[in-house]
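Residue numbering restarts at 1 for every chain, and letters A, B, ... go by the order of the sequence lines.
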Protein chains: 2
Amino acid sequence: MLPLSAFRKFIADKQLFSPEERVLLAVSGGRDSVLMARLFHAAGYNFSIIHCNFGLRGAESERDEAFVCRLAAELGVPFLSRKFDTRAYAKEKQLSIQMAARELRYQWFEEQRVEGGFACIALAQHQTDLVETVLINQLRGTGISGMHGIRSKNGKLIRPLLFLTAAGIHEIARSCGMGWVEDSSNASTDYQRNKIRQEVLPVLRQINPSLEATFSDNAARMEQAERLLGNTVAALRKSFIHDGPLQKLPLELVRSLDPQELLLFELLRPFGFHAEAVTRIISVLDAPSGRQFFSSGHRLIKDRNHLVIEPVQIAGTTTWILQPDDEAVIATGWTVSQHAGLPGQPPDEQHVAWCDRDKLVYPLTLRFWQQGDRFRPLGMKGFKKVSDFFVDRKLSLAEKERVPLLVNGNGDIVWVAGMRLDDRYKVGPGTEKVIIFEFKINPVGR
Amino acid sequence: MLPLSAFRKFIADKQLFSPEERVLLAVSGGRDSVLMARLFHAAGYNFSIIHCNFGLRGAESERDEAFVCRLAAELGVPFLSRKFDTRAYAKEKQLSIQMAARELRYQWFEEQRVEGGFACIALAQHQTDLVETVLINQLRGTGISGMHGIRSKNGKLIRPLLFLTAAGIHEIARSCGMGWVEDSSNASTDYQRNKIRQEVLPVLRQINPSLEATFSDNAARMEQAERLLGNTVAALRKSFIHDGPLQKLPLELVRSLDPQELLLFELLRPFGFHAEAVTRIISVLDAPSGRQFFSSGHRLIKDRNHLVIEPVQIAGTTTWILQPDDEAVIATGWTVSQHAGLPGQPPDEQHVAWCDRDKLVYPLTLRFWQQGDRFRPLGMKGFKKVSDFFVDRKLSLAEKERVPLLVNGNGDIVWVAGMRLDDRYKVGPGTEKVIIFEFKINPVGR
């Protein structure tokens, strides 16, 4: 009843691990991960089970941990488990609960992998997850890198269930009378994914019943195209001339790049330049020298024969551009991310801002305070100088020069990031679409 | 009310044509193409209108032609129109009505473009069409080439409405009180596209209200990646050694290709080799010499140091592979295409075969008659030798060696292509999914 030969063949074909290696299996207790554990057991592989208890669902979290513990005992394999205070961690790191759980999980998994001498960590994602991920990436906006979906092997992470669909797993679990636990929060935690799973995939499957197989084949082709791009860019990277802290890219080379936008974008990406900046840089290649462009950590100057790139310190004059399809601006010291949401009650958290999408004029910018900045603090009828707002909050000069302001395309200050939203941009009864901004202090050394 | 500056900017940015050039506008009379004509007129461009009357919708076809004729008169531009006997053409060429209309349209458009000295032909496709096309390609299975969707410029075809969405066009048409004609067959002619338009896009738009803009940006990035692939393959093509009718590709080069599958596929594609064949060729690179592979028009032999490719005549031993995501097998002389359909009443046409998907075992193969072949002709209870079937039909030896047989993965003959379906594979009350095969004689010289 277990698809054992297909499972072994997939692991061998994709070279996920070799039979003598030990694997650490991430098992939540849900159907997919329980089936994965049973397949590993039936195939006779050498593995341990690891489980995170995030303590977010009260008694249900305890029930899940106990279930996986019993499963490990039944299969006769070592069981690693740890309880996390996810809410406290999220608060401390100014992260969403989901992001916090993700960080905790991967940090701890990797620690345990190294400590226990495991070759890799196995996750129970399947082909239907792959289809969903590709569609979500497309909806967020993506280049070639978003089109390969979920990889069967990515560094130390492997996905040995990628040869099965959700329906296939359901059928196998049912036919072999396997037990598992249901996560009651699953249905609500990921709005986009659930919408795609429940409303989009059934229609697509009417057109192509082998939806998952087709998307997997597509993804494999996309991964090859991505690899070609990676090889090409790696070869081009050798054209950089290193000159102390400066890196110079000959204009002659830049002019000869074909496709120019894609290749220049990939070459400048490590310096933090976005696609929008690259388009503007290309537009001045034949203009007089001296034009400057800033990313979050670098300045690019077009001189007579080169694009000259140098690291820059945070300065009052730096501006970061935020386009509709940017996920985040990652600066030295902080990150501002954005994603689309649906109308609802914004949480009462300063590091998150819910804005009415229809009032935003992209590109938005992020910059530090300037003389004369004013805004309408949330809940107030009148305007207030940003400098006065800082004084009220007892910020030092150094501190106030580090608070990014989110500025609308029309010049309005939308959000004193991490502190106060502008009243004009709040979500109201007439709001149809919401953009959620999140402010986060980066770990030191970032 | 007309978005004239955005229209002019899009044409200039994408370099669709220059203001002094003359453009031939394909106008059906529907909302999109009427708006296109009004934009060209308002912008002061030099253009003529061309219209096809396929005679497929009786009085409605005449009404549309008259409507477009009046529009051209109102705008004061030349009007070209022609009536086609589409049904007769489809019958003669063994094409579906849709394919026939498509062929007639493009042949005649291009003729008129050359004769009239027009720079290009303008089609009224918009951004929402692009989103649909990308999704349809994904559902059919695609490599990087299917991901760019609809191009704003492709040879002599331009799409100057690609800066507008369907909703945007609707709003503009409404606000300026523009008239157009509705095609009553639109809702039924393209099942997949309608399903995506009506059931999928509304859900995707709830997740990303700027769906079309995001997909357009994605498509532009994919087009750049495709261009990179094209450049790389063009450079690699120079490695072919020409030796009389033979072309040789050094094994050393083949072994060094990275990504190997994608690049070898692109190099062998002009010789008709499918992805599946490429995978098998790669698997024998280190095997003893002499392994042979056939495409519809070529033989590839692995010798000690090369892949040697030579053109081959049609022979009884040639076999063509048909995978679920192949669109067609195009051989010298004929084409067999396949696409998914939904259960219904199959048309009474010999060149089309409706099969129960669940009974097909891929890969299917196409080959010519062999001694001992037998099948169960549609409507018959017993088996019949294929050779007897040919005798009944009074086929000559030469003729019967040119009729491809569609063979199931289990060895059954599914279809004597263009002549008779096997009774076991017909669509029945229990059929859930349908694959429709179509047989077509290729134009001479193909």
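When heavy atoms are compared at a cutoff of 4.5 Å, A:Ala340 approaches chain B solely by way of its side chain, counted from C-beta outward. Heavy atoms of B:Ile144 lying under 4.5 Å from chain A belong to its backbone as well as its side chain. With a 4.5 angstrom heavy-atom cutoff, A:Leu135 touches chain B only via side-chain atoms. Of the atoms belonging to A:Val134, it is side-chain heavy atoms, and not backbone ones, that fall under 4.5 Å from chain B. The contact between A:Asp325 and chain B is made entirely by side chain atoms (from C-beta outward), counting heavy-atom distances below 4.5 Å. Interface remark: B:Asn218 contributes backbone and side-chain atoms alike to the contact with chain A (heavy atom separation under 4.5 Å). Using a 4.5 Å cut-off between heavy atoms, A:Thr142 touches chain B through backbone and side chain atoms alike.
Contact of the B:Gln260 side chain with the A:Gln224 side chain is not registered, since no non-hydrogen atoms from C-beta on lie closer than 4.5 Å. Under the 4.5 Å side-chain criterion, counting only non-hydrogen atoms from C-beta, A:Arg357 is in contact with B:Ser210. Between A:Met147 and B:Met222, the closest side-chain pair of non-hydrogen atoms falls below 4.5 Å. Residues B:Ile207 and A:Ile196 are in side-chain contact: their nearest non-hydrogen atoms beyond the backbone lie under 4.5 Å apart.
Closest non-hydrogen pair, B:Asn208 versus A:Leu139, comes out as ND2-O, 2.6 Å. The nearest pair of heavy atoms linking A:Pro259 to B:Arg227 is CB-CD, 3.9 Å.
A:Gln323 CD: more than 12 foreign heavy atoms inside a 6.0 Å radius. Counted within 6.0 Å of NZ on B:Lys153, heavy atoms from surrounding residues, nucleotides or ligands total more than 12; the atom is thus considered enclosed. The neighbour count for B:Lys195 NZ, taken as heavy atoms of other residues, nucleotides or ligands under 6.0 Å away, is above 12.
With chain B as partner, the option from A:Glu432, A:Gln192, A:Glu223 having the largest number of non-hydrogen pairs under 4.5 angstrom is A:Gln192. Between chain A and the residues B:Val131, B:Val203, B:Leu342, the largest count of heavy-atom pairs under 4.5 Å involves B:Val203. Ranked by non-hydrogen atom pairs under 4.5 Å with chain A, the options B:Ile136, B:Asn137, B:Leu263, B:Leu204 are led by B:Leu204.
Between A:Arg140 and B:Asp217 no salt bridge is recorded (no basic side-chain N to carboxylate O distance below 4.0 Å).
Side-chain atoms of B:Arg221 do not come within 3.5 Å of backbone N or O of A:Leu262 as any donor-acceptor pair.
When only modelled atom types and interatomic distance are considered, A:Gln206 and B:Glu199 share no side-chain donor-acceptor pair under 3.5 Å.
How far CG of B:Leu228 is from CG of A:Asn231: 9.5 Å, rounded to the nearest 0.5 Å.
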